[in-house]
Number of protein chains: 2
Amino acid sequence: MGRKAAASQPKGQSTSVTPDIIKVEAIRLFSERGYPVIGMRDLSEAVGILPGSLYAHIASKEKLLLDIVASGVRNFTDVIAPIVERDGPADERLREAIRAHMRVLAVTLDQTRVTFHQWHYLTNDNLDQMVAVRRDYEMLFKRLVAEGIEDGTLLGTSRPTVATLSIIGVLGSATEWFSPTGSASADEIGDAIADVLTLGLGTR
Amino acid sequence: MGRKAAASQPKGQSTSVTPDIIKVEAIRLFSERGYPVIGMRDLSEAVGILPGSLYAHIASKEKLLLDIVASGVRNFTDVIAPIVERDGPADERLREAIRAHMRVLAVTLDQTRVTFHQWHYLTNDNLDQMVAVRRDYEMLFKRLVAEGIEDGTLLGTSRPTVATLSIIGVLGSATEWFSPTGSASADEIGDAIADVLTLGLGTR
DNA sequence: CCTACCGATCGGTAGG
DNA sequence: CCTACCGATCGGTAGG
């Protein structure tokens, strides 16, 4: 639902256009075909108004992208930060953080795709803002790895930086292959990823 | 070098434009700013000819992208396939495949960024072709994991599919953070990644 | 939120 | 590889 609902809605004032509706449609379109390829005319059509009318609700195409990607990262940090900051062995917190990541991903898949793949189309201040919130996100996992080496629950064997980047890398890649309609739940996939990263695939 | 070299080169027939030169410049531009954002005028300027003249050397903008991404995947499969197909324990072959991946990445970083991040701008037949070669690439790691479970050198613990996707995910993410000028060599990073994936980060 | 429109830029081509 | 150009589309705005 929603796909053609807005576009085919004739004139009725039943549901008037709001910034949130525009955001939802933009997320879907940007996710499917990419930010630079989507024109304001595509978006206005999906929402059911004329192209110029979009600017009664949003400042610019790029500000719309910034809104999507900045809140897209916050969806994750809001949930993961409390897990990182609480007490307990770092390896257990890492597992919980990975599971939480997957749960957020499951309910914000399209927005996350836009967030992780299209933020680099931002420019100037908008880009700077995004780089900052991204760094916050990455810092959470960096801390978990560092604390795991401290408390002895995570190995210092491999370079800690590579370890951190591997964790973030796997979670980022899940954006491309996770399916909310698949047989495995977000928590099950999260546990499987945590297994790979902490237990490893080797037998000895 | 190369950056302004072609553009500021006045007229001299010293180095005439070839399809390969266009490809090299396109890789750099697409990698830096994204395929849809780069215009044929940007490319022609980088190469030192007028926009329309590009079409004496290439068929279209999209065929140029296809050329870049298809050969971009083959750079990896050409090197990794022989490792997968040879004899020996699967865990050792997996480590060698990961190391080989990183060495190819180190010498084709820009092209790999375009290959892994912009192939979805292809359409129709071009898209189909790319999906096919991508599947070949992913199949290599899928086989390694399956053979590792068979020969007992890799654990069946976690879902094998998640294991495969995790490997591919980490290697794909390396495209975003690997630096050829960094202190760690491609092989060292490759070993660190193989350690994370086979030994795991956990202590027990 | 519509009408009416702006200048800029897009990929690509005919004919040398 | 240049000259000269095409129709289409782009993000965005003035004034209601």
Side-chain angles (χ1 to χ4, degrees), chain A residues 5-26 29-30 33-69 114 118 121-127, chain B residues 5-26 29-30 33-69 114 118 121-127:
Chain A
S8 60
Q9 176 186 324
K11 284 288 172 190
Q13 75 291 46
S14 48
T15 48
S16 70
V17 171
T18 65
D20 262 10
I21 293 178
I22 294 176
K23 187 172 170 179
V24 167
E25 290 301 312
L29 290 169
F30 293 169
R33 292 160 53 203
Y35 170 80
V37 164
I38 297 298
M40 298 311 272
R41 284 155 186 82
D42 298 311
L43 182 54
S44 72
E45 212 172 300
V47 153
I49 58 180
L50 293 184
S53 305
L54 286 171
Y55 292 89
H57 304 101
I58 64 166
S60 70
K61 191 189 177 192
E62 187 172 329
K63 282 292 181 195
L64 178 59
L65 178 62
L66 175 64
D67 182 24
I68 291 169
V69 298
V114 177
Q118 330 234 1
Y121 291 118
L122 295 172
T123 60
N124 307 322
D125 302 4
N126 296 330
L127 181 58
Chain B
S8 61
Q9 174 186 325
K11 285 288 172 190
Q13 74 294 46
S14 48
T15 48
S16 72
V17 171
T18 66
D20 263 9
I21 293 178
I22 294 175
K23 186 172 172 180
V24 167
E25 290 300 311
L29 290 169
F30 293 169
R33 290 161 54 203
Y35 170 78
V37 164
I38 297 298
M40 298 311 272
R41 283 154 186 84
D42 298 312
L43 183 54
S44 74
E45 212 172 301
V47 153
I49 59 180
L50 293 183
S53 305
L54 286 170
Y55 292 87
H57 303 101
I58 65 166
S60 69
K61 192 190 176 192
E62 187 172 328
K63 282 292 181 194
L64 178 59
L65 178 62
L66 174 64
D67 182 24
I68 291 169
V69 298
V114 177
Q118 330 234 1
Y121 291 117
L122 295 172
T123 61
N124 308 322
D125 303 5
N126 297 330
L127 181 58

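Letters A, B, ... mirror the listed sequences (proteins, then strands); counts begin at 1. Scope of the values below: all heavy atoms of this structure, side chains included, with no hydrogens, waters or symmetry mates.
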Tabulated below should be each protein N or O lying under 3.5 Å from an N or O of nucleotides 5-7 of chain C; please produce it.
none

Return the value, rounded to whole Å, for the distance between atom [atom1] of [X] and atom [atom2] of [N].
X        : N      : atom1 : atom2 : value
B/Leu29  : C/dG11 : CG    : P     : 12 Å
B/Tyr121 : C/dG11 : OH    : P     : 14 Å
B/Ile22  : C/dG12 : CD1   : P     : 13 Å
A/Glu45  : D/dT9  : CD    : P     : 12 Å
B/Leu43  : C/dC10 : CG    : P     : 12 Å
B/Leu50  : D/dT3  : CG    : P     : 6 Å
B/Ile49  : C/dG12 : CD1   : P     : 14 Å
B/Leu54  : C/dC10 : CG    : P     : 13 Å

Hey, could you give me the [atom1]/[atom2] distance between [X] and [Y], rounded to the nearest 0.5 Å?
X        : Y       : atom1 : atom2 : value
B/Asn126 : B/Asp67 : CG    : CG    : 11.0 Å
A/Leu29  : A/Ile38 : CG    : CD1   : 4.5 Å
A/Thr123 : A/Leu66 : OG1   : CG    : 10.0 Å

Review point. Partners of A/Ile58 by side chain to side chain contact (heavy atoms under 4.5 Å, CB included), sequence neighbours excluded?
Key: A/Ile22, A/Met40, A/Leu64

Point to revise | Interface with DNA chain C, restricted to residues 55-63 of chain B and to heavy atoms under 4.0 Å | key: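 Here the set is B/Tyr55, B/Ser60, B/Lys61.
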
Point to revise | Along DNA chain C (nearest heavy atom to each residue), the more 5'-positioned of A/Pro51 and B/Asp42 | key: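 Its nearest nucleotide lies further toward 5', so the answer is A/Pro51.
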
Nearest heavy atoms of [X] and [Y], plus distance in Å:
X       : Y        : answer
A/Asp42 : A/Gly39  : OD2-N, 2.8 Å
B/Gly34 : B/Gln118 : CA-OE1, 3.3 Å
B/Ile21 : B/Ser16  : CD1-O, 3.6 Å
B/Ala26 : B/Leu43  : N-CD1, 3.7 Å

Exercise for review: Select base, sugar-phosphate, or nothing to describe what A/Ile38 touches, counting heavy atoms under 4.0 Å on all strands.
Suggested key: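 The residue A/Ile38 makes sugar-phosphate contact but no base contact.
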
Study note, to complete from the structure: Residue pairs passing the salt bridge (Lys or Arg N to Asp or Glu O under 4.0 Å) test with at least one member in residues 49-64 of chain A, sequence neighbours excluded, are none

Review point. If you fit an axis to the five pairs at each end of the helix from C/dC1-D/dG16 to C/dG16-D/dC1, how big is the angle between those two axes, to 10 degrees?
Key: 10°

Review point. Any side-chain heavy atom of A/Val114 within less than 4.5 Å of one from A/Leu65?
Key: yes

Point to revise | ring pair (Phe, Tyr, Trp, His ring centres under 6.0 Å) partners of residues 45-69 of chain A, not counting sequence neighbours, each pair once | key: none

